[in-house]
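Encoded as structure tokens, the structure appears first; notes follow it.
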Amino acid sequence: MLNFTLFKKEVKTNYKVLCIFLALIAMYSSVIVIMFDPELGKSLDVMAKSIPEVFAAFGMLNVGSTLIEFVSNYLYGFILTAVPLVCVIVIANRLVARYVDNGSMSYLLASPHSRREIITSQAITLIITIFIMVLFATGLIILVSGLCFPGELDIQKFIVVNIGLFGLLLFMGSLCFLSSCLFNDTRKTNGIGGGIIIGSILLQMISQVGEKFEFLKYATPLTLFDVNGLLASSQNAYLMIGVLYALAVIVFIIAISIFTKKDLSI
């Protein structure tokens, strides 16, 4: 149930924020694709062996010999998860908690639309925002790859990786949205929702440094997004992506239910 009037308002309010993050995605994605060169890969391998902990932390230890391996390791190991997730933190907070915090929510609730319709519209707005970021990154990388390295990118496998990325961002976005529905203070919303995301990223980075800390990968949902497994058409990797989508739906439903029943005190 989407309230188009509210949706259009959110688009006008948040499009500048989204454009900033799309620009960052465009810059990093284009540069990484253009950098692809088998000879450069050998140089990066030498560098990675000299400081393996640093490269491993950012998921860049294995350069790969093909364009899709290179792009997947250098973009999807950190950049195309971290950058969109920061945007998710900001947008999720602006969609709910900020309205309650500054008193504007009372004007929305005074409209003829139900509380469930309003919060469902905000959830759909966040989902569309995430979809735009993933679609933009996917289309841009395919375009740049086609211009610079015609026929080199395995588009089918690349699309599967991005379906996985969307599932991950959707689940993490649902957690931020839940936090925004739970708390009326934007500082708490950013602190808890943002803390979960940042903590997950840090745990993943530490878990990749060496076998000593590998157990930490079980403490972060980012592990469910197995890029190499998706490239290898692993059934386990597909299953984990399915889990992310299922969890995202459940958390969004919980968030909407909580907001519908909570006492906003406004």
Side-chain angles (χ1 to χ4, degrees), residues 25-26 28-30 32-33 35-36 38 41 44-45 48 55-85 87-88 127 129-146 149 151-175 197 200-201 203-209 214-251:
I25 291 172
Y28 284 117
S29 299
S30 299
I32 292 298
V33 172
M35 280 177 58
F36 174 68
L44 291 173
D45 271 333
F55 275 74
F58 289 94
M60 301 176 179
L61 191 58
N62 300 313
V63 177
S65 57
T66 64
L67 178 57
I68 191 169
E69 291 174 345
F70 182 82
V71 169
S72 297
N73 288 321
Y74 272 80
L75 282 176
Y76 292 80
F78 180 77
I79 294 172
L80 284 185
T81 53
V83 173
L85 283 176
C87 181
V88 166
I127 293 170
T129 300
I130 295 171
F131 180 75
I132 288 172
M133 286 192 287
V134 175
L135 183 64
F136 177 79
T138 305
L140 179 68
I141 293 172
I142 291 176
L143 176 63
V144 176
S145 298
F149 308 101
E152 289 287 331
L153 184 68
D154 188 332
I155 295 178
Q156 185 175 354
K157 286 187 176 181
F158 182 66
I159 290 175
V160 170
V161 169
N162 283 281
I163 291 173
L165 176 64
F166 181 59
L168 173 65
L169 297 180
L170 203 61
F171 173 61
M172 301 303 280
S174 71
L175 294 178
I197 286 181
S200 297
I201 293 173
L203 285 174
Q204 185 192 45
M205 292 175 68
I206 296 172
S207 71
Q208 294 174 153
V209 170
E214 190 176 1
F215 70 95
L216 291 174
K217 70 181 182 181
Y218 299 109
T220 168
L222 297 181
T223 302
L224 294 173
F225 177 46
D226 182 7
V227 178
N228 292 325
L230 293 174
L231 290 178
S233 301
S234 166
Q235 293 299 317
N236 189 51
Y238 293 154
L239 177 62
M240 290 192 294
I241 293 304
V243 170
L244 284 173
Y245 276 98
L247 289 174
V249 172
I250 292 170
V251 175

- Value rounded to 0.5 Å, distance of CD1 in I197 from CG in L85: 5.0 Å

- Within a strict 4.5 Å, meaning less than it, do heavy atoms of the S29 and L80 side chains meet? yes

- Task: Under the side-chain contact (heavy atoms from CB on, under 4.5 Å) rule, collect the residues that match up with I32, sequence neighbours excluded.
- Result: M35, F70, Y74, L75

Show every donor-acceptor pair shorter than 3.5 Å between a side-chain atom in residues 235-242 and any protein atom, with sequence neighbours excluded, or say none if there are none.
none

- Message: If you compare all heavy atoms of A219 against all heavy atoms of L203, which two are closest, and at what distance to 0.1 Å?
- Response: O-CD1, 3.8 Å

- Task: Check P84 against I79 and note the closest heavy-atom contact, atom names and distance.
- Result: CD-O, 3.7 Å

- Message: Counting only heavy atoms from other residues, nucleotides and ligands, does the tally under 6.0 Å from OH of Y245 exceed 12?
- Response: yes

- Pairing residues for A26 by the side-chain contact (heavy atoms from CB on, under 4.5 Å) criterion, not counting sequence neighbours: F136, L140

- Across all chains, not counting sequence neighbours, the side-chain contact (heavy atoms from CB on, under 4.5 Å) partners of V249 are I253

- Task: Would you check if L231 and S72 make a side-chain contact, meaning some heavy-atom pair closer than 4.5 Å?
- Result: yes

- Query: Can you name the residues that form a side-chain contact (heavy atoms from CB on, under 4.5 Å) with A246, not counting sequence neighbours?
  - Reply: none

- Going through the checks in order, is the side chain to side chain contact (heavy atoms under 4.5 Å, CB included) test met by I201 and F78? CA-CA 8 Å; I201 293 173; F78 180 77; 3.8 Å; yes

- Heavy-atom check, side chain of I130 versus side chain of V88, under 4.5 Å: yes

- Query: If you take all heavy atoms of G77 and Q204, which pair is closest and at what distance?
  - Reply: O-OE1, 4.1 Å

- Query: Roughly how far apart are D226 CG and S234 OG, rounded to 0.5 Å?
  - Reply: 6.5 Å

- Task: Kindly indicate, with the supporting measurements, whether the criterion side chain to side chain contact (heavy atoms under 4.5 Å, CB included) is fulfilled by N73 and N228.
- Result: CA-CA 8 Å; N73 288 321; N228 292 325; 3.6 Å; yes

- Check whether any side-chain heavy atom of V144 sits under 4.5 Å from a side-chain heavy atom of V71, and report yes or no. no

- Task: Report the C-alpha separation of I142 and I155 in whole Å, then their side-chain angles, then the decisive distance to 0.1 Å, and conclude whether the side chain to side chain contact (heavy atoms under 4.5 Å, CB included) test is met.
- Result: CA-CA 7 Å; I142 291 176; I155 295 178; 4.0 Å; yes

Could you pull out every donor-acceptor pair under 3.5 Å between side chains of residues 160-173 and any protein atom, sequence neighbours left out?
unit_1, atom_1, unit_2, atom_2, d
N162, OD1, Y76, OH, 2.7
N162, OD1, T138, OG1, 3.0
N162, ND2, Y76, OH, 3.2
N162, ND2, F158, O, 2.8

- Message: Would you say CZ of F149 has more than 12 non-hydrogen atoms from neighbouring residues, nucleotides or ligands within 6.0 angstrom?
- Response: yes

